[in-house]
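The next block holds one structure in the form of structure tokens; read it before the comments.
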Number of protein chains: 2
Amino acid sequence: MTVQQSGRRERKKAATRQKIADTALRLFLERGYDAVGIRDVAAEADVAVTTLFSHFASKEALVFEQDEDFEHRLTRAVTDRAPHEPLIPALRREVLALVRHCTADSAAPIWRMIDASPALRKYDESVRLRHAESLATAIAADPDLTRSETVARTLARFVIDAYSLSREAPDPEAALDEIFPMIEAAWQAAGPPPRT
Amino acid sequence: MTVQQSGRRERKKAATRQKIADTALRLFLERGYDAVGIRDVAAEADVAVTTLFSHFASKEALVFEQDEDFEHRLTRAVTDRAPHEPLIPALRREVLALVRHCTADSAAPIWRMIDASPALRKYDESVRLRHAESLATAIAADPDLTRSETVARTLARFVIDAYSLSREAPDPEAALDEIFPMIEAAWQAAGPPPRT
DNA sequence: TACGAGATCCTATCCGTTAGTGTTACGGTC
DNA sequence: GACCGTAACACTAACGGATAGGATCTCGTA
């Protein structure tokens with residue numbers, strides 16, 4: 001059995017991964033995403049190119065390190081909300097938190113870089129679509145929400161749109177204040193559950 | 001002055017472009033998108049690789065030949081609608097037409113191929129985002145529609161989502177029937193124009 | 001200690017894409 | 001009809017991301 005890996009190996013692996021990610025981000029921000037090659041990153045992190053690709057699926061993935069929890073946070077906003085708490089406000093709260101996180105001063109240079117690179121924008125789009133799918137699944141699975149799958153998917157897309165549009169807006173929080181009432185109305189219109 | 005290019009040159013160029021596109025699509029459908037390289041397409045179309053790339057910006061673009069008018073059709077659905085005709089039904093009509101076009105039997109193998117290839121899916125996503133931006137601009141420019149830019153952009157995204165979700169749904173037209181009432185409600189909620 | 005497995009490395013290569021540089025053939029002009 | 005500018009195309013070579021194959025090392029455990 002290969003249960004209970006007791007440590008050093010996993011720590012080393014995690015350290016390598018972290019070192020690659022840190023080095024990549026540093027170089028990207030210093031010299032620009034397009035001006036830094038995979039071979040540069042690997043050399044500077046003192047690993048082989050193949051090692052780098054065993055940790056990250058693509059060059060773009062180096063930039064989106066922490067986005068695993070984005071997905072979880074959104075679905076948890078659905079699954080972990082208080083019993084009978086309405087869905088939309090819960091989602092709104094979470095999206096607001098995510099947007100604040102992205103537009104914080106510390107993250108700003110990264111997002112400026114992403115917005116400047118077509119490859120990174122494309123990657124971000126596909127990540128968002130994946131998140132929308134997870135969110136749709138979570139919504140469809142909630143026993144309190146008796147909507148069709150199409151409605152669940154639609155709502156999920158709308159919520160991800162809200163995140164994306166608001167992140168790019170000059171005043172993100174004001175944008176959310178405009179968009180979420182629209183989402184709330186769409187949700188109401190989507191056939192309220194059978195019993196009021 | 002280089003006005004009025006009168007013919008042969010342009011015809012030859014168009015023919016070359018068409019031959020490349022036709023060859024590419026044929027090979028892709030025959031052997032699969034990933035199994036056909038750019039060099040294969042160029043050889044089979046009897047042109048140089050550089051020529052191919054002077055006609056098409058990328059390998060993916062070979063598959064999305066006719067999509068220029070998608071953009072125009074959507075914006076025209078906004079700009080060319082009858083005076084004071086409500087916006088949403090006009091958009092709904094156009095989206096329905098687009099979805100029917102995509103799900104027609106003739107287009108089905110192409111979309112099956114697109115859905116099977118991550119690269120093509122990504123490309124399609126970015127195309128949709130561009131279309132959403134155009135649509136948002138058209139909506140924002142309409143003097144009858146006095147909504148904010150954020151609302152225009154949001155509505156445009158929602159409409160593109162409707163197209164995308166419905167195209168992928170098992171019953172596309174039924175999906176549209178579910179989604180568009182949601183969009184209508186969102187639009188109503190977005191602050192109706194000052195004078196009702 | 002010795003072994004199995006996972007992590008890393010090295011080499012070579014594929015593939016999309018572009019730069020650099022000619023060459024042809026068309027179109028407008030005299 | 002000869003002439004020149006230029007658009008379209010070709011050839012070669014390369015760049016950069018990504019992967020395959022196989023060797024090597026390092027750790028966990030028997």
Side-chain angles (χ1 to χ4, degrees), chain A residues 1-21 23-25 27-28 31-64 113-114 117-123 126, chain B residues 1-21 23-25 27-28 31-64 113-114 117-123 126:
Chain A
M1 298 302 169
T2 329
V3 221
Q4 187 55 18
Q5 298 277 12
S6 58
R8 183 162 355 194
R9 204 171 234 177
E10 291 189 337
R11 264 182 291 120
K12 283 204 172 185
K13 180 170 184 176
T16 302
R17 180 190 170 89
Q18 197 59 42
K19 185 171 183 187
I20 294 171
T23 305
L25 202 53
L27 291 184
F28 291 160
R31 310 185 202 159
Y33 180 75
D34 290 322
V36 178
I38 284 291
R39 292 161 177 92
D40 299 329
V41 176
E44 183 89 5
D46 200 31
V47 296
V49 172
T50 47
T51 302
L52 187 156
F53 277 109
S54 81
H55 285 277
F56 298 92
S58 67
K59 186 187 181 187
E60 295 93 47
L62 286 166
V63 176
F64 295 83
M113 177 176 79
I114 293 170
S117 156
L120 289 176
R121 293 181 66 94
K122 262 197 189 179
Y123 188 87
S126 71
Chain B
M1 295 306 162
T2 330
V3 219
Q4 187 55 14
Q5 298 278 11
S6 57
R8 186 160 354 195
R9 206 172 237 175
E10 291 188 337
R11 262 181 293 120
K12 285 203 173 183
K13 179 171 183 176
T16 302
R17 180 190 171 89
Q18 197 59 41
K19 185 172 185 188
I20 295 172
T23 304
L25 204 52
L27 292 184
F28 290 159
R31 309 185 203 159
Y33 180 75
D34 290 323
V36 178
I38 283 291
R39 291 163 178 88
D40 300 329
V41 176
E44 184 89 5
D46 200 32
V47 295
V49 172
T50 46
T51 301
L52 188 156
F53 276 109
S54 81
H55 286 276
F56 299 92
S58 66
K59 186 186 182 188
E60 295 93 46
L62 286 167
V63 176
F64 296 83
M113 176 177 79
I114 293 170
S117 156
L120 289 176
R121 291 182 67 93
K122 263 196 190 181
Y123 187 87
S126 72

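Just so it is clear: chains get the letters A, B, ... in the order the sequence lines come, proteins before strands, and each one is counted from 1. Just so you know, these numbers use all the heavy atoms, side chains as well, and skip hydrogens, waters and symmetry mates. Bear in mind the structure is a predicted one, so any value in this text is a computation, not a measurement.
With hydrogens and angles ignored, no donor-acceptor pair closer than 3.5 Å exists between the side chain of A:Arg8 and the base of D:dG28. Within 3.5 Å, a donor on the side chain of A:Arg9 pairs with an acceptor on the base of C:dA5, or the reverse. Counting distance only, with no hydrogens placed and no angle test, the side-chain atoms of B:Thr16 and the base atoms of D:dC9 include no donor-acceptor pair under 3.5 Å.
Judged by a 6.0 Å distance limit and a 45° cone about the ring axis, B:Lys59 is positioned over the six-membered ring of B:Tyr33.
Contact between A:Asp40 and A:Leu27 at its shortest, heavy atoms only, is O-CD1, 4.1 Å. Heavy atoms only, all atoms of each residue included: B:Glu60 and B:Ala119 are closest at CG-O, 4.0 Å. Between A:Tyr123 and A:Ala61, the shortest heavy-atom distance links the atoms OH-CB, 3.4 Å.
Within 4.0 Å (heavy atoms only), B:Asp34 reaches no atom of the nucleic acid at all. Using a 4.0 Å heavy-atom distance criterion, A:Val41 is classed as making no nucleic acid contact. Within the nucleic acid shown, B:Asp46 comes within 4.0 Å of sugar-phosphate atoms alone, with no base atom in reach, counting heavy atoms only. Nucleic acid contact for B:Val49: base, since at least one base atom lies under 4.0 Å from a heavy atom of the residue.
With rounding to whole Å, A:Phe28 atom CZ is found 13 Å from D:dG16 atom P. Computed from coordinates, the A:Ile38 CD1 to D:dA18 C1' distance equals 9 Å when rounded to whole Å. With rounding to whole Å, B:Lys122 atom NZ is found 16 Å from C:dG16 atom P. A straight line from NZ of B:Lys12 to P of C:dT24 spans 14 Å, rounded to a whole angstrom. As a whole-Å value, the separation of A:Asp40 CG from D:dA18 P is 14 Å. In this structure, A:Tyr33 places its OH atom 14 Å from P of D:dG16, rounding to the nearest Å. Distance, B:Leu52 CG to C:dT18 P: 11 Å, rounded to whole Å. Summarising the geometry, the separation between CD on A:Glu10 and C1' on D:dT26 is reported as 15 Å, rounded to the nearest angstrom.
In this structure, CD on A:Glu44 lies 9.0 Å from NZ on A:Lys19, to the nearest 0.5 angstrom. Between atom OG1 of residue B:Thr51 and atom CG of residue B:Asp46 there is a gap of 10.0 Å, rounded to the nearest 0.5 Å. Between atom CG of residue B:Leu52 and atom CG of residue B:Leu62 there is a gap of 5.5 Å, rounded to the nearest 0.5 Å.
Within residues 53-60 of chain B, the residues approached by DNA chain D to less than 4.0 Å at the level of any non-hydrogen atom are B:His55, in residue-number order.
When distances run from any side-chain atom of A:Thr50 to the nucleotides C:dT18, D:dC27, C:dC10, the shortest one goes to C:dC10.
The residue among B:Arg39 and B:Lys13 whose nearest nucleotide of DNA chain D is located toward the 5' end is B:Lys13.
Panel note: side chain B:Arg17, backbone B:His55; a donor-acceptor pair is recorded below 3.5 Å.
Checking the phosphate oxygens (OP1, OP2) of C:dA7, no side-chain nitrogen or oxygen of A:Thr51 falls inside 4.0 Å.
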